[in-house]
Amino acid sequence: MTQAFPLGVERRHSRAFGVFPLYSGEQTSTVYDGVDAPPTASMCQSGCVQHHLREASVSEVSIIGLDIAKHVFHVHGADGRGRAMFSKRISRGKLLDFFAAQPSCKVALEACGGAHHWARQLTQLGHEVRLIPPAYVKPFVKRQKNDAIDAEAICEAAQRPSMRFVAVKSEEQQAAGLLFRTRDLLVRQRTQLINAIRGHLTEYGWIAPKGPSHVARLAELIDEEEMASSLPEAALAMFRLMLDLLAGLNGKIADLDKEIVRGAREDEVSRRLMTIPGIGPISATAIAALAPPAETFAKGRDFAAWLGLTPLQRSTGGKQKLGATSKMGERTLRRLLIIGSSAVVQQASKRGAPKGSWLEQMLTRKPRMLVTIALANKMARIVWALLVKQENYRAPVPARA
């Protein structure tokens, strides 16, 4: 006795053969997944295989994944149910024309170089732009990697309800961040020059003390008879060149410091942040420029976790296991907060912390470096609270014994 099956569904419909009904209860052709049972030429000719992409009506597209680059871009469109509508390659000059012809929809792209520029351009065209951290897109990449697969992965990641997005920065915010990063670049170059000068002087028997202030004195000593006579003429010329470059960098860094201090005094958010012990004009300017809106985070711990100042979790089976500091997040702000907390801990170690304060209790029980990181974590939570409540810092009153 033969068994009747719905139209278009073969008897071997088990998952082992990679054959699935298109929808439950729908009497249409089957869909082969292409992994367990690749479609053959005879299947394609008989029309049993449904094409993955179809010509889409622009009104059906609800989200577009955009993979950006320097000259070649790739877009992947999907409808409200996540079905692929189109996948095409677009040159840089035609990208804005393409999105201008599309109805308003969500556009997702990775938060990489140039992403904020394109986000602002697409927002002006009426689209809702979502920036996704690249690390959150990687799990959605299927096997091989190319522009089309990347755009599809971006589109897929943006549809997840729990996905986290990056706030789009304005040109003014990026300009403020550029001021700080330029200073950071010059400081690194100054450090490289100092290390080069000290290292090369060691080869000729001269040991320079650590620190920029001591190296600056070399400009005076290098012209004295004792040091000049002990150095070859070619080496002497190179040392003078490096010292001149060092003096120029010091002058440029000083000018940027003045600009940062002036901007911090004029900015209300920076003035509020500078009321926190351990946060000066540079840290306040960096937080105001590089950190996303405080409302993005539900609580202060989330902001500290975004900075990478919370411990790693390796919990399992209901047992909580905390490890070292995660260091997963904005490393620039994390470094500045740690430097600021280190200064506070150093002063507290020398002059003493307020009686009964949290810092005094921590210094009596924990190592100094651990207290520094813990204080940086505490400072991050205070920063979040000040930004959300729009208040100035008020020192806590020690509890009476």
Side-chain angles (χ1 to χ4, degrees), residues 166-167 169-170 172-181 183-184 256-310 325 329-363 368 370-401:
V166 177
K169 294 182 179 179
S170 64
E172 290 74 17
Q173 287 178 311
Q174 288 190 304
L178 181 60
L179 173 63
F180 169 77
R181 293 191 184 280
R183 181 193 179 277
D184 202 29
L256 291 179
D257 287 341
K258 294 179 182 178
E259 181 66 21
I260 290 175
V261 171
R262 184 191 61 80
R265 290 175 179 175
E266 295 177 355
D267 184 54
E268 181 182 357
V269 176
S270 298
R271 289 200 307 269
R272 186 179 300 119
L273 292 175
M274 285 190 293
T275 60
I276 303 174
I279 294 184
I282 296 177
S283 299
T285 303
I287 293 173
L290 303 179
E295 295 76 12
T296 306
F297 307 96
K299 49 189 175 181
R301 188 189 183 281
D302 294 342
F303 180 66
W306 178 78
L307 293 174
L309 289 171
T310 54
T325 306
E330 177 54 60
R331 59 181 181 180
T332 302
L333 298 182
R334 180 174 66 248
R335 172 171 57 86
L336 291 174
L337 288 179
I338 291 176
I339 292 174
S341 65
S342 178
V344 174
V345 171
Q346 184 180 15
Q347 292 298 319
S349 300
K350 291 181 179 180
R351 303 177 182 179
K355 293 294 182 179
S357 64
W358 173 87
L359 184 57
E360 183 192 38
Q361 298 175 10
M362 289 290 291
L363 286 174
R368 181 170 169 177
L370 190 149
V371 176
T372 300
I373 303 301
L375 180 58
N377 189 332
K378 188 179 182 68
M379 289 170 58
R381 301 183 186 213
I382 294 174
V383 167
W384 177 85
L386 261 63
L387 294 177
V388 170
K389 298 179 181 180
Q390 297 183 0
E391 299 178 357
N392 292 335
Y393 174 76
R394 298 190 300 269
V397 178
R400 295 182 179 179

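Only this structure's heavy atoms are used, side chains among them; waters, hydrogens and symmetry mates stay out.
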Nearest heavy atoms of N377 and A304, plus distance in Å: OD1-CB, 3.4 Å
Side chains of M362 and L375, heavy atoms from C-beta outward: is any pair under 4.5 Å? no
What pairs with R335 under salt bridge (charged side-chain N to carboxylate O under 4.0 Å, His left out), at least two apart in sequence or on another chain? D184
Spell out, as yes or no, whether a donor-acceptor pair under 3.5 Å connects the side chain of S270 to the backbone of D267. no
About how many Å separate CD of E330 and CD1 of I287, when rounded to the nearest 0.5 Å? 10.5 Å
Distance, nearest 0.5 Å, that separates CD1 of I282 from CG of L336: 7.5 Å
Restricting to non-hydrogen atoms, name the atom on A288 and the atom on V269 that form the minimum distance, rounded to 0.1 Å. CB-CG1, 4.4 Å
Side-chain heavy atoms of L273 within contact of L387, under 4.5 Å: yes
Pairwise side-chain contact, D302 with T296, heavy-atom cut-off 4.5 Å (strictly under): no
Contact summary for G308 and R334, nearest pair of heavy atoms: O-CD, 3.6 Å
Measuring from atom CG of N392 to atom OG1 of T275, what distance do you get when rounded to the nearest 0.5 angstrom? 4.5 Å
Under the 3.5 angstrom rule, does the side chain of T372 hit a backbone N or O of R368 as a donor-acceptor pair? yes
So L309 and I338, side-chain contact (heavy atoms from CB on, under 4.5 Å) or not? Walk me through it. CA-CA 9 Å; L309 289 171; I338 291 176; 4.2 Å; yes
Nearest atoms (heavy-atom pairs only) where S357 meets P354: OG-O, 2.7 Å
Under 3.5 Å, side chain of T285 to main-chain N/O of A264, donor-acceptor pair present? no
Got Q346 and K350 here, is their nearest side-chain heavy-atom distance under 4.5 Å? yes
Could you tell me how the ring of W306 sits relative to the ring of F297: parallel (under 30°), tilted (30 to 60°) or perpendicular (over 60°)? tilted
Would you check if E360 and L363 make a side-chain contact, meaning some heavy-atom pair closer than 4.5 Å? no
Shortest non-hydrogen contact from Q173 to K169? OE1-CA, 3.2 Å
Looking at CG of L290 and CG of L307, how far apart are the two atoms once the value is rounded to the nearest 0.5 Å? 10.5 Å
Just verifying a value: how many Å separate I373 CD1 and L337 CG, rounded to the nearest 0.5 Å? 10.0 Å
In this structure, are over 12 heavy atoms from other groups packed under 6.0 Å from R271 atom CZ? yes
I382 vs I279, side-chain contact (heavy atoms from CB on, under 4.5 Å): CA-CA, chis, key distance, verdict: CA-CA 11 Å; I382 294 174; I279 294 184; over 6 Å; no
Can you find a pair of side-chain heavy atoms, one from F303 and one from V388, that are under 4.5 Å apart? no
Mark yes or no for whether R381, through its side chain, and R301, through its backbone, hold a donor-acceptor pair below 3.5 Å. no
Would the number of heavy atoms belonging to other residues, nucleotides or ligands and lying under 6.0 Å from CD of E268 be above 12? no
